[in-house]
Amino acid sequence: MTLRDRVKARAQSVLGDGKRIEGQEAEEKTLESPEVTGSKASDMKQTAEVSDDGHEQEENPMPKDGRISVQDGKVTVIPPEAGGRWPVIKPGSNVIVKVNGEVIKEKHTLADGEQVEILSADEQPTYEVRVNVSSTKMQAMASIQRHAGKRFKIRDIPEGPFAYVAADLEEVITPSDPTVEDVIAQLAEAKVVFGIDREAIEELIASAGGRPMIVAQGQPPQEPVDGSLQYLFTDLAEKDVDPDASRVDLYDRHTIPWVQPGDVLATRKEPQPGEPGTNVLGGTVRSRNYRNPVLSVGEGAELVDDGRRAVATREGRPILDGKTIKVVPTFLVPQNADASTGHIRFSGDVVVNGDVLDSIEVLSGGLVEISGLVSHAKVMGQKGAIVRKSVIGGRIQAGGVSAECKRILSVVDVLTLRLNELLKALQQLQRDPRMQQLKLADGQIIHQLLESRFNEIPKHVIELEDHAARSVEIFQFFPELIPTLRSRLIGLGPTGTSRWELQSLVHSLENFALHLEAMQAVDADIEVRSLQNATIEASGKVMVNGTGCYYSTIIAGKGVKAPRGLLRGGKVVVNEGNVEFRELGGPGGVATEVVIVNGGVIVAQTVHPNVSISIRGETRVFRDPQRRLRAYINEEGELVV
C-alpha cells in the first residue's frame with residue numbers, strides 16, 4: 001500500500017466512527033479535497049517520504065514550548081520539546097531570584113542546565129543605639145531606633161511559559177529591646193566612660209519613642225572664689241531728700257568723706273582656687289582661673305601688709321580715680337571768687353564760701369561746692385558741682401572730658417539709630433516688586449530717602465563735625481570718620497553710596513561709641529537751686545531744687561530731676577534716664593524741648609502748648625495743654641504719652 005492510500009484509509013476510519021480529534025479537522029478536509037492529488041499531494045510528500053530501502057520514515061514532531069511553575073516556594077521547570085522556546089522568569093517585589101547562584105534583577109530566559117532558586121526578601125527585626133556627646137563633653141545623650149522585621153510568603157504561580165515572581169507580607173516581627181549592657185557597650189564605643197546613669201538607661205529602654213535622653217553626666221569643676229577689693233570709703237554719699245520739704249539745704253544733701261593719716265582705705269581678700277571636674281569621656285575639666293585684683297594707690301595713700309591693705313598718708317578726701325585710690329586735699333575760698341582771687345584751678349576739691357562772679361573760672365579736678373550764686377561765670381568740676389543758689393547767665397560743667405564725651409555720644413547714638421532705620425527702609429524698598437522693576441542703584445534710593453524721610457541725618461553729621469573741630473583729642477583715633485560721613489551722606493555723596501558702605505558707616509559709629517564710653521570718667525552730677533539763661537552740662541545727673549529753669553539749656557548723661565520746678569523755654573537733652581519737671585513750657589506757648597536719646601521716661605504735672613518731647617527719635621509736639629504727662633517708648637518702639 002502506498003503512502004497516499006494509507007492516509008486516505010486513516011481518514012475514512014476516523015469519519016466512520018463519528019469521532020473527531022482536535023487539531024486534525026484541517027488535515028482531514030485537506031485529505032478529502034479533490035485537489036489533494038495536485039499541489040497538496042506534493043506537499044504531503046514533503047512531510048512523509050519513503051527511504052531508498054523502501055521503509056517509511058517518521059513524521060517531523062511539532063515544537064513545544066517549555067513551562068515553569070511555583071508551588072510553596074519550589075520552582076518546577078519543564079524544558080521545551082522539538083525546538084520550542086524556554087520559559088521566562090521575572091523577579092518582582094519582596095523576592096530574591098537566583099539563577100545558577102547569581103541574583104537577577106530583570107526578566108531572564110532560562111536555558112538548559114540552569115538552576116533556579118526563589119527566596120523571600122525577609123527583613124530581620126533590628127534596633128540601633130545612637131549616642132551623641134555634647135560639644136562641652138559634659139553630657140552624653142542616647143536614643144534607640146527600633147526597626148520592625150517582615151516575613152514574606154512567595155505567591156504560587158500556575159504552570160505557564162512566563163513567571164512573574166513576587167511575595168506578600170505574611171508577618172510583622174517586633175524587635176527585641178536592648179539590654180542595659182548593650183547600651184553601655186555602645187556608650188563605650190563612643191568613648192563615654194564616666195557618669196553613666198543606669199536608671200536613665202533603663203528608662204530609655206522602657207520608652208516607646210526614639211526621643212534622645214541624657215544617660216551620662218560629667219562632673220563640673222568647682223568654681224574658684226575670686227579675690228576681691230573692699231573700699232572703706234565712698235566718693236560722695238547722697239542722702240534722701242523729702243520732695244515735700246519747703247527748703248532743701250544743699251550742704252546737707254551730701255556727706256563728703258575725710259580721712260587722717262593711717263586710716264585704712266581699702267582691703268584685699270585673697271582668692272581660693274577651684275577643683276577640676278571630669279567630662280563623660282573621662283577627661284579632666286579645669287576650673288577657670290581665679291581673679292586676683294590688685295590694690296592700686298596714688299598720691300596720699302600707700303600699701304601695707306604685703307599689698308593687702310591701703311592706708312592714707314595725709315589728711316584729705318579719699319577718691320577712686322579709675323582703680324587707683326588717692327587722698328586729695330581741698331582748696332577753700334573763704335569769700336567770693338571774684339577779681340580779687342583771679343581764676344581758680346585746682347586738682348582737688350574746691351569749696352567757695354561765697355559767690356562766683358562775672359568772668360571768673362573755677363576749674364577743679366574733684367568736687368566744686370559753692371555756697372552762693374554763679375553769675376556769668378564758668379565752673380567746672382571733674383567729680384561734680386553743687387551751687388546752693390541760682391546760676392544766672394553762667395556755665396556749669398561736671399565730668400570734664402566725660403561731659404564732652406556724653407554730648408558727642410548723644411549725637412552718635414541718634415545718628416546710628418537713624419542710619420539703621422535708613423538701612424531698613426532701603427531693604428524694604430528693594431524687596432518691593434515695583435522698585436525692582438525700576439532697577440535703581442542703592443545710591444539713588446539712599447539719596448531720595450535722605451531728602452525726604454531722613455533729612456535730619458546730614459544735620460547730625462554737621463553737628464558731629466563741629467564737635468570734632470572743638471575736641472580734636474577725642475577724635476584722634478578715628479581720623480577718617482568725619483570725612484567719610486560727609487562724603488557718603490551730604491550733598492551728592494549719597495548717590496554713590498551702596499548698602500554695604502552704609503552698613504560700614506554704622507559699624508564705624510558703633511566702634512566710636514564704644515570708644516566714647518571708654519573715655520568717660522565716673523558719672524559727675526550737678527545740683528543747683530535754679531537756672532536763668534544758663535547752660536548746665538553733666539556726665540551724670542542734674543538736680544534742680546528750686547523754682548526751675550528759665551530759657552536755659554541742660555545736657556545730662558543720666559537724667560534731670562526738678563520735681564518742684566518748671567522748664568520754661570530752652571532745651572533739655574538726656575543721653576539716658578528720666579526727666580521730671582512740675583511744669584513744661586508756659587501759658588504763652590514759649591518753645592520748650594525735651595529730648596531723651598536712649599531709653600527713659602518724661603514726667604510732668606502740666607504741659608503747655610508748643611512743647612516738644614522726643615524719646616529714641618520718636619517726637620510729639622503738644623498743641624493743647626495736658627495734665628499728668630508720662631511719656632515713654634513701649635515694646636513696639638512707639639511713643640506712648
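What's counted below: heavy atoms across the whole structure, side chains too, no hydrogens, waters or symmetry copies.
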Notebook entry, point to check: Counting only heavy atoms not in R499, do more than 12 fall under 6.0 Å of its CZ?
Noted result: yes
Next item on the list: Scan N420, L423, L419 and name whichever one has a side chain to side chain contact (heavy atoms under 4.5 Å, CB included) with Q503.
Entry: L423
Margin query: A quick test of your reading: do over 12 heavy atoms of other residues, nucleotides or ligands sit less than 6.0 Å from CD of E171?
Written below: yes
Note to self: Take a 6.0 Å sphere around OH of Y290 and say whether it holds more than 12 heavy atoms from other residues, nucleotides or ligands.
What the structure shows: no
Next item on the list: Give a yes or no on whether a salt bridge exists between K74 and D72, defined as a side-chain N under 4.0 angstrom from a carboxylate O.
Entry: no
Next item on the list: Considering only NZ, NE, NH1 and NH2 on the basic side and carboxylate oxygens on the acidic side, decide whether K558 and E576 come within less than 4.0 Å.
Entry: yes
Note to self: Any heavy-atom pair between the side chains of S508 and T484 that's under 4.5 Å?
What the structure shows: no
Next item on the list: Quick one: do V311 and V264 satisfy side-chain contact (heavy atoms from CB on, under 4.5 Å)? Show the steps, please.
Entry: CA-CA 4 Å; V311 298; V264 179; 4.1 Å; yes
Checklist line | Candidate list D65, D112, I78, test side chain to side chain contact (heavy atoms under 4.5 Å, CB included), partner W86, passing option | finding: D112
Note to self: Surrounding NE2 of H147 (heavy atoms of other residues, nucleotides or ligands, distance under 6.0 Å), is the total greater than 12?
What the structure shows: yes
Next item on the list: Look at R198 together with E181 and state whether they make a salt bridge at an N to O cut-off of under 4.0 Å.
Entry: yes
Check: With the threshold set at 4.0 Å, does a side-chain nitrogen-carboxylate oxygen contact exist between D226 and R288?
Finding: yes
Item checked: Under 3.5 Å donor-acceptor, S504 side chain and W500 backbone -> no
Next item on the list: Return yes when atom CZ of R286 has more than 12 non-hydrogen atoms of other residues, nucleotides or ligands closer than 6.0 Å, and no otherwise.
Entry: no
Item checked: Intermediate values then yes/no, side-chain contact (heavy atoms from CB on, under 4.5 Å), Q71 and T76 -> CA-CA 8 Å; Q71 186 70 33; T76 302; over 6 Å; no
Checklist line | Within 6.0 angstrom of R85 CZ, more than 12 heavy atoms from elsewhere | finding: no
